[in-house]
Number of protein chains: 2
Amino acid sequence: MSTPGRGLHGHVLDTLGPAITAGEYPPGSVLRTDELAQRFDVSRSVMREAVRVLESMHLVESRRRVGVTVRPKAEWNVYDPQVIRWRLAGADRPRQLRSLTVLRSAVEPVAAGLAAKHASAEQCAELTQCALGMVANSRGHRLEGYLVHDVAFHRAILAASGNEMFARLGDVVAEVLSGRTHHDVMFEDPDPAAVTLHVQVAEAVRAGDATRAEQLTREITVGALQELDILAP
Amino acid sequence: MSTPGRGLHGHVLDTLGPAITAGEYPPGSVLRTDELAQRFDVSRSVMREAVRVLESMHLVESRRRVGVTVRPKAEWNVYDPQVIRWRLAGADRPRQLRSLTVLRSAVEPVAAGLAAKHASAEQCAELTQCALGMVANSRGHRLEGYLVHDVAFHRAILAASGNEMFARLGDVVAEVLSGRTHHDVMFEDPDPAAVTLHVQVAEAVRAGDATRAEQLTREITVGALQELDILAP
DNA sequence: CTGGCATAAATAAGTCTGACTTTTTGTCTC
DNA sequence: GAGACAAAAAGTCAGACTTATTTATGCCAG
């Protein structure tokens with residue numbers, strides 16, 4: 001996915017990254033560059049590059065005379081798409097999925113409201129296309145086709161919001177939606193009510209009705225929260 | 001701020017990072033590792049480490065026979081605290097500040113709602129302390145003292161939400177609030193209404209009233225949006 | 001004998017250099 | 001236009017050296 005193993009240091013990261021984010025090395029664990037270089041059978045230069053990347057993600061900290069120490073989870077750059085992917089691929093997947101879904105529930109409604117104000121004609125058309133694609137694939141176990149349009153829909157909303165921070169969450173939402181279809185339970189056709197909501201959001205954005213777009217999107221995200229049993233009585 | 005220039009590659013990043021995020025190298029610009037190494041008077045190993053870090057931030061892409069090409073802004077890891085800091089320090093500051101404030105307006109109300117449900121007794125106490133500190137520093141040009149408690153308050157809310165993604169936005173909020181006081185216009189005492197709102201949020205969280213905590217926080221963030229003239233008629 | 005302080009030693013990251021490999025691209029020829 | 005060739009730049013490796021930091025040592029004073 002995305003950009004795997006480009007170079008030796010990438011291969012090292014593909015192994016070390018998931019291991020660290022999975023908690024295999026408890027916070028405070030000390031690794032030595034030389035030892036790691038031997039273990040992965042790469043030169044120290046390559047290993048140093050990998051460590052630098054992990055350091056920039058705040059997963060580890062490199063100090064002289066000490067070594068490479070693993071930082072506590074609270075300091076990780078959890079918004080780094082690479083870190084998110086590593087965590088989604090590991091044992092921390094459920095917790096990560098919940099965190100991201102809550103984040104979605106906060107961001108997407110606001111993004112939809114902004115989209116209603118800022119979306120261009122092309123973006124409205126794109127949105128409608130996606131919604132129609134979802135409808136067309138909503139019956140008969142066409143889960144893959146549905147997923148493609150669902151992801152495109154939410155990406156389009158985030159992009160049309162005109163806010164770069166929101167737009168960059170497109171990949172995250174894609175991972176979450178994709179994971180729901182592939183890894184988790186999603187054998188039946190999608191909820192018809194959810195499909196309708198997406199169509200209505202597209203309409204509201206086209207109509208420039210920010211309040212309605214926001215409210216409808218909030219209903220969508222509430223549904224996503226309910227799927228993960230994240231509720232408030 | 002935080003961890004500056006730890007090592008030669010750090011110094012290179014402190015120069016190259018701001019330059020790239022400021023748009024001094026347009027998307028598609030090609031840099032060569034050797035040339036950069038000469039320019040910064042460091043060895044190729046050090047320069048390679050710096051490039052790897054920039055690559056992990058999706059600011060650049062390194063390809064054989066081509067060089068290090070600058071990626072379009074839309075692909076940058078804009079949630080990387082380092083990238084945020086670089087952009088806040090450069091010419092892109094106003095736009096970055098707006099993006100972040102909109103993000104705050106989406107996240108913080110939801111975080112406050114969650115905090116009302118999940119906050120521990122200690123976290124409630126911390127929150128109240130912060131609010132009282134804000135009140136105590138709200139008059140007589142005690143802007144620094146006010147800022148400290150304001151930052152601590154919002155950090156506490158995000159932390160008490162129990163969501164790690166929200167919690168990690170604490171640094172971002174701190175940068176925004178700090179910037180508002182230091183760089184931008186903030187000569188007068190803070191708005192008394194805003195101070196009151198913070199106290200009321202602390203009360204609502206303590207009382208476990210999620211809806212009220214969310215609504216009150218929404219009013220706070222609306223105020224922040226208005227300060228930047230981000231409005232919806 | 002003990003406490004503290006200055007000094008020395010050990011250690012692991014940090015840095016530099018130079019040679020070599022690999023991939024990609026542009027060009028030249030047929 | 002297809003294939004072969006050459007150039008360019010990143011990628012890799014190995015080894016020697018530097019530097020900062022921690023730990024251990026040992027000395028003197030109390």
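Naming: A, B, ... by sequence-line order, numbering from 1 per chain. The basis for the numbers below is simple: all heavy atoms, side chains too, and nothing from hydrogens, waters or symmetry mates. Given the structure is predicted, the values throughout are model-derived calculations rather than measurements.
- The environment of CD in A/Q38 is sparse: at most 12 heavy-atom neighbours from other residues, nucleotides or ligands sit within 6.0 Å.
- Distances shown here put a side-chain N or O of A/R63 below 4.0 Å from the OP1 or OP2 atom of D/dT22.
- Closest approach to the A/R44 side chain among D/dA16, C/dC16, D/dA20 is made by D/dA16 (side chain taken as heavy atoms from C-beta onward).
- Across the protein-nucleic acid pair, B/F40 atom CZ and C/dC16 atom C1' stand 18 Å apart, rounded to whole Å.
- The CD-P distance, from A/Q38 to C/dA13, rounds to 12 Å in whole Å.
- The pair A/R48-A/E55 does not count as a salt bridge, with every side-chain nitrogen at least 4.0 angstrom from each carboxylate oxygen.
- Aromatic ring centres of B/H198 and B/H149 lie farther apart than the 6.0 Å criterion allows.
- A straight line from CZ of B/R6 to P of D/dT21 spans 15 Å, rounded to a whole angstrom.
- Closest approach to the B/R65 side chain among D/dT21, C/dC16, C/dT23 is made by C/dT23 (side chain taken as heavy atoms from C-beta onward).
- Sorted by residue number, the members of residues 48-57 of chain B with any non-hydrogen atom under 4.0 Å from DNA chain D read B/R48, B/R52.
- For D/dA10, one of the phosphate oxygens OP1 or OP2 lies less than 4.0 angstrom from a side-chain nitrogen or oxygen of B/T33.
- Atom CE of B/M47 and atom P of D/dA10 are 11 Å apart (whole Å).
- Nearest to the side-chain atoms of B/S43 among the listed nucleotides D/dC13, C/dT17, D/dA9 stands C/dT17.
- Taken to the nearest 0.5 Å, the CG atom of B/N163 stands 13.0 Å off from the CZ atom of B/R168.
- As judged by a 4.0 angstrom heavy-atom cut-off over every strand, B/S62 is placed among residues touching the sugar-phosphate backbone only.
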